[in-house]
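Presented below is the structure to which this report refers.
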Amino acid sequence: MHNEAFFLNALIYLTAAVVSVPIAKRLGLGSVLGYLIAGIIIGPYVLKLVGEEGKDVMHFAEFGVVIMLFVVGLELRPSLLWKLRLPILGAGGVQVLGTTAAISGIAMGFGLIWQEALAIGLTLALSSTAIVLQTLNEKGLMKSAAGQRSFAVLLFQDIAVIPMLALMPLLATHEIHHHGDEHHATTWTEGLPAWGTAFATLAAVAIVVLGGRFVMGHVFRAIARTGLREIFTAAALLLVIAIAVLMTKVGLSPALGTFLAGVVLSESEFRHELESDIEPFKGLLLGLFFIAVGASIDFQLIASQPLLIAGLVVALILTKLVILAVIGRVGKMGFDQNSLFALALAQGGEFGFVLFSFATQNGVLSEETAKPLVAVVALSMALTPLLFILHERVIQPRFGTKEAEGSEPDEMDEDAPIIIAGFGRFGNVAGRFLQASGIETTVLEHDSDHVDLLRKLGLKVFYGDASRHDLMHAAGAEKAKLLVLAVDDEDKSMEIVECCQKHFPNLRILARACSRAHAYRLISAGIEDLFMEQQSSSLDLAVAALQCLGHRGHAARRAAAKFKNHDNESIREMAAMVTDRKSLIDHGRRRIVDLERRMEHDRAELCDFDDKAWDDKTLRDEF
């Protein structure tokens with residue numbers, strides 16, 4: 001009977017997801033809202049297909065948040081994390097402290113004692129990492145100014161959960177009641193002195209960092225040699241689960257532990273394999289988590305106190321909106337990015353369920369106080385996708401940087417022979433050179449704050465997403481001769497390629513390749529004109545280095561030309577082997593040996609070359 005109930009619940013959850021999410025996406029509501037609606041429909045207050053067992057599903061589904069933060073860590077190299085340290089500590093710290101103070105003050109105004117008010121303020125200061133990151137990624141906003149600032153704040157909040165859990169028992173004012181087997185849930189650090197707890201905590205963190213840095217690479221290499229993809233996938237899941245268990249046993253956040261492991265492994269050669277193997281589980285478990293959130297909303301409680309619950313939800317969202325908007329304004333964000341930043345983080349977070357439960361168990365809050373607040377957190381999370389839609393369909397079109405429209409010829413030069421997609425550190429050099437050469441261009445840039453700055457500098461730049469065929473049509477893609485694809489997001493780059501190949505097949509694409517892996521993807525998509533992001537500048541530096549060592553200019557330049565041609569040939573050959581790691585490595589080794597032999601032969605031929613040969617037209621054309 002137990003197995004029958006398990007399969008029946010699995011059937012219900014999967015059916016709800018498969019039916020509701022495509023409908024929600026078709027209506028432009030996004031997948032997160034689709035999952036939440038599905039949870040509400042199958043929950044105990046509508047169709048009643050799931051009941052109290054939904055709480056057990058919630059505990060299981062929270063593992064999706066853990067996996068998500070592991071994947072996020074894999075995408076964050078330590079250098080990038082260090083670069084974000086100021087937004088993390090600055091914006092994140094101010095947001096948590098400011099929101100805690102504001103909500104605590106409001107709670108005390110309603111007659112709660114300061115310990116209860118502080119516990120509520122700390123808990124409601126947190127936002128939903130799962131919903132916000134999922135929605136930002138889905139809408140392609142993760143690399144925008146608002147996306148980066150939101151991520152920094154969410155990261156600080158996840159770290160802040162640890163001291164919050166440590167502080168909660170110190171705020172206890174009610175008698176502690178244990179229910180069921182709750183008293184059996186202990187950690188390894190329970191009963192230890194303060195120094196013992198600190199030592200165990202640091203030891204756990206050291207195990208994760210040192211193990212990821214010096215041990216896991218060898219383990220994954222040994223597993224990879226077996227050639228069994230399923231074992232590699234099992235090892236990746238084992239790593240995440242083991243770290244989650246270790247962090248839980250020492251009283252730390254499992255999500256934070258797996259995030260730390262992801263950052264450590266981001267420098268590993270197995271980064272992409274780990275990410276691709278974990279991704280399906282992350283998506284499925286996050287979907288289950290969102291369904292469980294929808295099913296957990298207590299509509300019976302809401303119906304019994306509708307004005308109180310609605311008022312608390314509105315108060316929470318407005319309070320966080322104001323504080324976040326002030327932070328964004330101080331950070332000099334443009335209005336549309338600032339409004340997106342504020343709306344994205346204006347809800348309660350999934351850790352709110354954990355902290356309110358923990359506060360109740362430790363006598364900080366009574367159940368009568370905590371239950372309405374749990375409903376407020378769940379409702380605010382459910383409203384978040386609607387806030388994103390509000391920004392996308394109302395605030396951005398009316399108050400943000402306007403997208404160019406083909407119906408307004410004074411805003412868009414449809415006869416320009418070249419369209420430039422992306423005007424960052426790469427695209428702006430090409431664009432300014434073409435402009436100085438008297439070539440008209442139409443420039444599209446997706447970062448609205450960057451657009452405002454470029455316009456102030458007198459450059460003709462339009463805000464818009466070049467992966468939208470209607471915007472490309474307005475930009476004159478049907479008449480243009482070239483598209484200079486210079487965006488720095490590899491996935492977005494491939495979306496633009498797909499769009500142009502489908503709707504504008506006569507438009508020749510000159511594409512920036514951000515990495516060799518990106519170059520392989522572009523070649524597989526049929527792009528012939530590739531330009532490695534740092535190849536030319538790196539070779540210029542190498543030529544200068546040779547000249548500083550006394551090498552003649554013509555010899556250094558000819559060697560660089562040989563290297564560049566050889567490297568480009570190698571990229572095209574290896575693109576066909578990208579799925580066969582062994583062949584890829586073997587071919588790369590042969591190419592390195594071949595390059596060294598060719599360069600040595602060329603040096604012998606140039607030994608009696610004239611010093612003025614560096615200016616020879618043939619050599620200049622070759623380079």
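Just so you know, these numbers use all the heavy atoms, side chains as well, and skip hydrogens, waters and symmetry mates. Worth saying up front: this structure is predicted, and the values here are computed from it rather than measured.
A salt bridge between Arg512 and Asp529 is absent, with no side-chain N of the basic residue lying under 4.0 Å from a carboxylate O of the acidic one.
The CG atom of Leu154 sits 5.5 Å away from atom CG of Leu133, with the distance rounded to the nearest 0.5 Å. Here CZ of Arg432 is found 7.0 Å from CZ of Phe423. Values are rounded to the nearest 0.5 Å. Rounding to the nearest 0.5 Å gives a distance of 10.0 Å between CG of Leu74 and OG1 of Thr258. Expressed to the nearest 0.5 Å, how far CG of Asn428 lies from CD of Glu445 amounts to 10.0 Å. For the atom pair CG of Leu485 and CZ of Phe531, the computed distance is 11.5 Å after rounding to the nearest 0.5 Å. Here the CZ atom belonging to Arg508 is positioned 11.0 Å from the CD1 atom belonging to Ile418, to the nearest 0.5 angstrom.
Counting heavy atoms from C-beta on, the side chains of Tyr35 and Leu288 never come closer than 4.5 Å. Residues Ile291 and Ser20 fail the side-chain proximity criterion, which asks for heavy atoms closer than 4.5 Å. The side-chain heavy atoms of Leu522 and Met494, taken from C-beta on, include a pair separated by under 4.5 Å. Within the 4.5 Å cutoff, the side chain of Leu324 has heavy atoms near those of the Phe341 side chain. Between His503 and His473, the closest side-chain pair of non-hydrogen atoms is not below 4.5 Å. Between Ile420 and Leu444 there is no side-chain heavy-atom pair separated by less than 4.5 Å. Between Phe151 and Ile88, the closest side-chain pair of non-hydrogen atoms is not below 4.5 Å.
Of the candidates Thr442, Thr441, Ile439, Ile439 is the only one forming a side-chain contact (heavy atoms from CB on, under 4.5 Å) with Pro417.
Considering every non-hydrogen atom in both Asn338 and Ala325, the closest pair reads ND2-O, 3.0 Å. In terms of heavy atoms, Leu36 sits closest to Met381 at CD1-O, 3.9 Å. The shortest non-hydrogen separation linking Gly34 to Val21 is C-CG2, 4.3 Å. Taking both residues in full, the closest heavy atoms of Ser467 and Ile496 are given as N-CG1, 3.7 Å, listed atom of the first, atom of the second, then distance. Taking both residues in full, the closest heavy atoms of Cys500 and Ile509 are given as CB-CD1, 4.0 Å, listed atom of the first, atom of the second, then distance. Residue Ile223 comes nearest to Ala235 through the heavy atom pair CD1-CB, 3.4 Å, listed as atom of the first residue, atom of the second, then distance.
Side-chain polar atoms of Gln95 and Gln157 form a donor-acceptor pair below 3.5 angstrom. Side-chain contact annotation: Ser515 with Glu490, donor-acceptor N/O pair under 3.5 Å present. Using a 3.5 Å distance cut-off with no hydrogens or angles, the side chains of Thr384 and Gln347 do pair a donor with an acceptor.
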TODO: Dump the intermediate steps for side chain to side chain contact (heavy atoms under 4.5 Å, CB included) on Leu483 and Met472, then the final yes or no.
DONE: CA-CA 10 Å; Leu483 169 66; Met472 288 295 290; 4.2 Å; yes
Open item on the list: Please determine whether salt bridge (charged side-chain N to carboxylate O under 4.0 Å, His left out) holds for the pair Arg557 and Asp540, giving the CA-CA distance in whole Å, both sets of side-chain angles, and the decisive distance to 0.1 Å.
Closed with: CA-CA 9 Å; Arg557 291 176 180 272; Asp540 285 345; 5.9 Å; no
Task: Step-by-step side chain to side chain contact (heavy atoms under 4.5 Å, CB included) determination, Asp488 to Phe426 - done: CA-CA 8 Å; Asp488 61 358; Phe426 187 95; over 6 Å; no
- [ ] Tell me, with the steps shown, if Leu482 and Leu507 meet side chain to side chain contact (heavy atoms under 4.5 Å, CB included).
- [x] CA-CA 6 Å; Leu482 297 173; Leu507 185 64; 5.6 Å; no
Task: Ile395 vs Leu343, side chain to side chain contact (heavy atoms under 4.5 Å, CB included): CA-CA, chis, key distance, verdict - done: CA-CA 11 Å; Ile395 297 176; Leu343 288 168; 3.6 Å; yes
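Remark: the backbone N or O of Ala525 is paired with a side-chain donor or acceptor of Gln501 at under 3.5 angstrom. In this structure, Ser339 contributes its side chain and Asp336 its backbone to a donor-acceptor pair below 3.5 Å. A distance-only check finds a donor-acceptor pair linking the side chain of Ser150 to the backbone of Ala146 [under 3.5 Å]. Side chain of His518 to backbone of Cys514: a donor-acceptor contact under 3.5 angstrom is found.
The aromatic rings of Phe220 and Phe232 sit tilted relative to each other, their planes meeting at an angle between 30° and 60°.
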